[in-house]
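Just below is one structure, and these are the notes that go with it.
Being a predicted model, the structure only gives us computed values, none of them experimental. Along the sequence shown, residues carry numbers from 1.
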Amino acid sequence: MNGKFPQHFLWGGAVAANQVEGAYQADGKGLSTSDLQPQGIFGAITPRMPGDSGIKDVAIDFYHRYPEDIALFAEMGFKCLRTSIAWTRIFPQGDEETPNEAGLAFYDRLFDEMAKYGIQPLITLSHYEMPYGLVKNYGGWGDRRTIAFFERYARTVFERYKHKVKHWLTFNEINMSLHAPFTGVGLPPESDRSAIYQAIHHQLVASAKAVKACHEIVPEGKIGNMLLGGILYPLSCRPEDLLETQRQNRDWLFFGDVQARGYYPAYMQRFFRENGIQVEITNEDRQTLRETIDFISFSYYMSGCVTADPEQYETARGNILDMVPNPHLASSEWGWQIDPIGLRYLLNVLYDRYQKPLFIVENGLGAKDRVEADGSINDDYRINYLNDHLVQVAEAIDDGVEVMGYTSWGPIDLVSASKAEMSKRYGFIHVDRDDAGNGSLERRRKKSFYWYRDVIHSNGASL
Ligand code: BG6
């Protein structure tokens with residue numbers, strides 16, 4: 001494959017603070033919602049008692065080992081690394097007047113290390129975590145005051161890193177709050193839909209405020225949203241299936257519609273009315289929402305199918321969503337259906353809808369790896385998955401879609417979000433740690449490491 005990827009395409013990888021850093025109480029960090037879910041998004045919400053431990057407390061110890069990891073990313077030729085800032089390192093409880101200097105200094109060191117190799121940071125302000133103090137004392141995003149706390153945090157990090165970070169994202173997979181309210185908006189899992197949509201509304205307003213602040217403070221920077229790109233197909237061509245599919249795709253496209261267009265789409269009025277959902281939206285909120293994002297970013301792992309008669313089918317669970325399996329597709333070891341063409345389709349859907357540049361900020365295969373006696377790890381399944389998807393990205397670029405970059409998920413093995421597993425590995429770099437937390441944390445290059453290095457060096461020509 002030749003010449004499809006633009007010259008300054010941002011090749012790289014993506015991680016998140018709570019899945020790699022560890023050091024969960026170091027240098028003044030406060031507890032986050034992620035710290036209260038040691039078994040992951042699907043696990044229980046547990047108060048942290050002295051002596052408790054969880055796999056994320058150490059994770060892969062990126063907090064201390066980042067120089068070695070950045071050097072390995074540089075060896076693959078990364079142009080970009082997506083990670084998040086842990087809000088609780090900067091504002092430990094969330095409502096402090098002044099930030100925690102030790103937390104700010106950590107990200108200075110991290111960004112400086114990346115700059116040594118010319119790796120551009122792409123920074124998510126909130127990736128599946130918020131200060132637990134805001135949940136306990138204010139009710140999380142259910143309370144309007146959280147908007148101002150988030151804005152203070154966003155302005156603080158824009159000011160601090162404006163010369164180092166030019167690409168920002170607001171909330172990771174903002175649409176998943178509908179399915180995991182504690183992780184997304186700090187609400188109890190049993191919250192009703194009015195409460196969840198009210199909290200989501202506050203988060204959308206906060207996102208727009210962060211966009212405005214970024215435009216003011218980092219005028220040459222770019223800020224995007226981040227969607228879980230769970231594209232759905234009708235299971236059949238029955239019109240009822242088609243309409244239900246449109247409705248379910250709107251469940252997640254709604255977030256992009258607000259963030260990219262600056263107002264609530266008309267179809268939400270009927271949705272709210274028919275479902276008895278009340279959301280308080282002030283005139284000031286409407287004004288704030290008009291500050292729109294510069295680009296759309298999204299994760300893509302799988303597609304799914306929709307039927308108007310779901311009770312007749314068994315559903316399969318992705319990390320967040322339940323979907324009816326597609327009979328034409330194979331699945332990963334975790335039951336996620338593998339659909340490279342779906343990525344080309346999704347890129348075209350999003351570009352047709354928004355006409356804004358797109359950034360694929362997560363894509364990858366979670367799989368069990370075997371370390372051979374000679375120490376090698378021959379992860380051809382991962383190479384095939386990624387190669388097939390990137391071929392479809394090239395096709396979409398050829399279709400005319402503007403794609404800024406591609407950061408594969410978990411370029412180094414990390415703790416999985418849904419069930420806090422180490423054994424579900426995404427990396428080009430193996431980390432010696434198991435689900436029980438045993439292991440030396442030693443890093444080791446897999447076969448895919450050399451494959452991805454060649455892809456980047458050839459700007460996609462080797463695919
Ligand atoms: C995305 C998240 O939903 O999927 C990541 O943004 C997550 O944080 C990734 O790790 C893969 O999911 P999992 O459960 O396999 O880690």
Side-chain angles (χ1 to χ4, degrees), residues 1-16 72-84 114 118-124 127 166-169 172-173 222 224-229 231 294-303 338-351 354 356-366 382-412 414 426-429 448-463:
M1 172 148 308
N2 236 323
K4 299 266 170 74
F5 290 89
Q7 205 192 344
H8 300 293
F9 192 75
L10 290 169
W11 295 100
V15 299
L72 286 163
F73 298 150
E75 197 181 318
M76 280 186 278
F78 276 27
K79 314 281 181 227
C80 176
L81 176 68
R82 174 181 175 228
T83 187
S84 61
M114 288 160 65
I119 299 176
Q120 294 191 42
L122 166 63
I123 300 304
T124 314
H127 188 125
K166 304 296 180 190
H167 290 97
W168 295 89
L169 302 176
N172 182 63
E173 295 190 336
K222 298 268 179 245
N225 66 343
M226 200 301 200
L227 300 168
L228 188 166
I231 191 78
D294 304 314
F295 65 95
I296 310 280
S297 91
F298 65 92
S299 61
Y300 177 77
Y301 294 91
M302 61 191 290
S303 59
I338 300 172
D339 180 14
I341 291 175
L343 179 53
R344 175 179 177 184
Y345 176 64
L346 176 60
L347 283 161
N348 276 280
V349 166
L350 292 173
Y351 198 61
Y354 301 122
K356 287 188 191 273
L358 304 179
F359 205 139
I360 304 153
V361 298
E362 286 187 32
N363 173 234
L365 179 73
R382 183 169 293 108
I383 294 173
N384 293 338
Y385 177 102
L386 293 169
N387 198 93
D388 290 351
H389 282 76
L390 281 167
V391 165
Q392 296 301 322
V393 175
E395 294 290 355
I397 291 171
D398 210 11
D399 292 333
V401 179
E402 202 179 335
V403 187
M404 296 165 67
Y406 174 93
T407 53
S408 73
W409 179 248
I412 181 164
L414 40 67
Y426 286 88
F428 307 117
I429 302 161
S448 56
F449 180 99
Y450 303 100
W451 166 83
Y452 199 42
R453 187 191 59 183
D454 292 346
V455 171
I456 298 176
H457 283 175
S458 67
N459 199 29
S462 65
L463 290 166

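- Nearest heavy-atom pair across L386 and W451 is CB-CH2, 3.4 Å.
- In terms of heavy atoms, I119 sits closest to L81 at CG2-N, 3.6 Å.
- Partners of F73 under the ring-ring contact (aromatic ring centres under 6.0 Å, His included) rule, at least two apart in sequence or in another chain, are F78.
- Listed by chain and number, the residues in a salt bridge (Lys or Arg N to Asp or Glu O under 4.0 Å) with E402 amount to none (sequence neighbours excluded).
- Listed by chain and number, the residues in a ring-ring contact (aromatic ring centres under 6.0 Å, His included) with F298 amount to none (sequence neighbours excluded).
- With hydrogens and angles disregarded, no donor-acceptor distance shorter than 3.5 Å links the side chain of D339 to the backbone of M302.
- The backbone N or O of L390 lies less than 3.5 Å from no partner atom in the side chain of Y406, so there is not a single donor-acceptor pair.
- Listed by chain and number, the residues in a ring-ring contact (aromatic ring centres under 6.0 Å, His included) with F428 are Y452 (sequence neighbours excluded).
- Judged as a side chain to side chain donor-acceptor pair (under 3.5 Å), and not counting sequence neighbours, the contacts of H127 are R82, N172.
- A distance-only check finds no donor-acceptor pair linking the side chain of S297 to the backbone of V361 [under 3.5 Å].
- Under the side chain to side chain donor-acceptor pair (under 3.5 Å) criterion, T407 pairs with no residue, sequence neighbours left out.
- Taking the ring-ring contact (aromatic ring centres under 6.0 Å, His included) definition, one finds that F9 meets it with F5, W11, sequence neighbours left out.
- Contacts of Y345 classified as side chain to side chain contact (heavy atoms under 4.5 Å, CB included), with partners at least two apart in sequence or in another chain: I231, Y233, V349.
- Residues passing the salt bridge (Lys or Arg N to Asp or Glu O under 4.0 Å) test with D388, sequence neighbours excluded: none.
- Remark: P121 engages F111, M114, I123, V165 in a side chain to side chain contact (heavy atoms under 4.5 Å, CB included) (not counting sequence neighbours).
- Qualifying salt bridge (Lys or Arg N to Asp or Glu O under 4.0 Å) partners for K356, counting only residues two or more places apart in sequence or in other chains: none.
- Between N363 and Y385, the closest side-chain pair of non-hydrogen atoms falls below 4.5 Å.
- Applying the salt bridge (Lys or Arg N to Asp or Glu O under 4.0 Å) criterion to D399, with sequence neighbours excluded, gives R344.
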* To do: Kindly indicate, with the supporting measurements, whether the criterion side-chain hydrogen bond (donor to acceptor under 3.5 Å, both in side chains) is fulfilled by E362 and Y301.
  => CA-CA 8 Å; E362 286 187 32; Y301 294 91; 2.5 Å; yes
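- Side chains of W168 and K222 form no contact here, defined as non-hydrogen atoms less than 4.5 Å apart.
- Proximity of a side-chain donor or acceptor of S458 to a complementary backbone N or O of D454 within less than 3.5 Å is detected.
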